[in-house]
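Naming: A, B, ... by sequence-line order, numbering from 1 per chain.
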2 protein chains.
Amino acid sequence: MTDAEETAETYDPSRYERPSVTVDVVIFTLIDRELHVLLVRRKRWPYEGYWAIPGGFVQMHESLEDAARRELEEETGVRDIYIEQLYTFGDPNRDPRTRVISVAYFALVRADRQRLRVSEESIDVRWFPVRAAPSPLAFDHDRILAMALVRLRSKLEYTTLAFELLPEVFSILELKHIYEQIFGEKLDKGNFYRKIKDAGVLEETGLLREGRGRPTRLYRFRRDRGDGQFVFRWREARIDAGESHERDLSSS
Amino acid sequence: MTDAEETAETYDPSRYERPSVTVDVVIFTLIDRELHVLLVRRKRWPYEGYWAIPGGFVQMHESLEDAARRELEEETGVRDIYIEQLYTFGDPNRDPRTRVISVAYFALVRADRQRLRVSEESIDVRWFPVRAAPSPLAFDHDRILAMALVRLRSKLEYTTLAFELLPEVFSILELKHIYEQIFGEKLDKGNFYRKIKDAGVLEETGLLREGRGRPTRLYRFRRDRGDGQFVFRWREARIDAGESHERDLSSS
DNA sequence: TCAATAGTGTCTTTGAGACACTATCCG
DNA sequence: CGGATAGTGTCTCAAAGACACTATTGA
């Protein structure tokens, strides 16, 4: 940027050396009532044979979020799912090939409908329980995963994100189980019932599910209520928390 | 990524078209008890003559945060200041020159010691009260600024970030004034005294500052206390909030 | 009947907020 | 003394947590 007479005609982008830019997507789901993360096994150097967070290069024509959604769909066949930007990792030597800056996203997909595909660059794709994920992962992906978990925990505390992990129809105690899974602590049943009902985010379906004991009432998430994602505060938020959403910006 | 026999020797990074990567730094300070943001006036196309958030290209050898600190120092002469990553903006057409992905940071500098310099690419640098910043800014910088403000407000609610805006020694009511400035609402004096003292983050200096009425007791921020930044929760956190810090990752 | 699971009621403690009060300076 | 600014005390109300209780099924 030393040229004093730069215009549309004279500007030459090739003058500056450029890093590569990738998106990596940390994809969580709930399988057998336990939180899982999707990892791919690398086929090639570098980190050949290591498990990694799925990702790929950003195309010149697509936005970062589009790139993240494309990766997500390539790996799981899932579209229209919750996704948000997590953090951008850009240490100069995080990838031995060249300078690579990676914009990390995290996504939540419902327990039911994913269909995994092994992509070109991988020899395997698998869901791992987050408590039993392989370590170390390729590149700085351990750090990315750790950060995604912090963000996920944090957001559950003040958003309705947990619903993104549940099927269409669910019981209150199933919802409670998700919170316990992700927070790693037991919650009081009575208090949970009280809070979730006071929040007014549930719609009674009238359905029951039979089990061993008393049948369970089933609910649906009321997407119409409140401001969408930030409908109720489960409890006082802790550290971290995610970056804002568009709707928050409008209030400033 | 279709070559099956890729190794360190055969890998050719030039095969993929690459975006440019910049860092933009939203720099806040407190001048005359009011929150200000630093903007630069562009000398060249595109957006010639528009005010913009200072930033520049990331060099191949430096990390993103190093680049942000370098920009900060180039513009204000300030080093060793609070800085954190905000969000990465990467819409394909946000810059007419070429595909530019911008990693935004936000920084807080103390009221006292900045010394502005007009850099190569600018014709002016100025502090603007955030409530009277020019609009529109160049590129998508309005959006970046809005996001930085949301993040700043959010973080004040559960961190001790406000101290970064104050001089070494300050009074409790000065601190209260910062919160009021940034939240845009009046706080109760009694409740503020109670909370801030219970938090145990202040160290009495024994100093007094004389004024028109009763002299003010002056305090220092106890940097040793608690877990550094996240020492006390001013009040229940609202929406947004920033991404986590390293120390949070270690607990997961 | 009991085991198993679902769901409710209530007491106590904590902390946020409102607001009135007291303290110490200058003139 | 009064005006100005600093700093404290106290009451109320709402939400969070602990925990005991009741409900409804199948075997």
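Regarding A:H177, its NE2 atom lies at a distance of 19 Å from the C1' atom of C:dG7, rounded to whole Å. Per the geometry, NZ belonging to B:K197 stands 7 Å off C1' belonging to D:dG7, to the nearest Å. Rounded to an integer number of Å, the gap from B:E185 CD to C:dA18 C1' is 14 Å. Taking atom NZ of residue A:K195 and atom C1' of nucleotide D:dA16, one finds them 6 Å apart after rounding to whole Å. Straight-line distance from the CD1 atom of A:I196 to the P atom of D:dA15: 16 Å, rounded to whole Å. For the pair B:L173 CG and D:dT5 P, the computed distance is 11 Å after rounding to whole Å. In this structure, the CZ atom of B:F183 is 13 Å from the P atom of C:dA16, given to the nearest Å. Here the C1' atom of nucleotide C:dC26 and the CZ atom of B:R209 are 18 Å apart, to the nearest Å.
Looking at A:D140 and A:D91, their side chains never come closer than 4.5 Å, going by heavy atoms from C-beta outward.
Under the rule for a side-chain hydrogen bond (donor to acceptor under 3.5 Å, both in side chains), B:R217 has no partner lying at least two apart in sequence or in another chain. Shown here are the side-chain hydrogen bond (donor to acceptor under 3.5 Å, both in side chains) partners of A:R126, two or more places apart in sequence or in another chain: there are none. The ring-ring contact (aromatic ring centres under 6.0 Å, His included) test applied to B:F106 returns no partner, not counting sequence neighbours. Applying the side-chain hydrogen bond (donor to acceptor under 3.5 Å, both in side chains) test to B:S122 and every residue at least two apart in sequence or in another chain returns B:S119. With sequence neighbours excluded, no residue forms a side-chain hydrogen bond (donor to acceptor under 3.5 Å, both in side chains) with B:T216. Residues satisfying the side-chain contact (heavy atoms from CB on, under 4.5 Å) test with A:R33, not counting sequence neighbours, are A:H177. In this structure, A:Y105 has no ring-ring contact (aromatic ring centres under 6.0 Å, His included) partners at least two apart in sequence or on a different chain.
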Checklist entry - Taking it one step at a time, do A:F192 and A:Y179 satisfy ring pair (Phe, Tyr, Trp, His ring centres under 6.0 Å)? => result CA-CA 10 Å; A:F192 193 90; A:Y179 278 92; 5.7 Å; yes

Checklist outcome for this item: Per-nucleotide protein contact along nucleotides 18-27 of chain D, 5' to 3', at a 4.0 Å heavy-atom cut-off (B base, S sugar-phosphate only, - neither), is BB---BBBS-

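Across its full length, the helix from C:dT1-D:dA27 to C:dG27-D:dC1 shows an angle of 20° between the axes of its 5 terminal pairs at either end, rounded to 10 degrees.
Not one side-chain nitrogen or oxygen of A:Y193 sits closer than 4.0 Å to the OP1 or OP2 atom of C:dT8.
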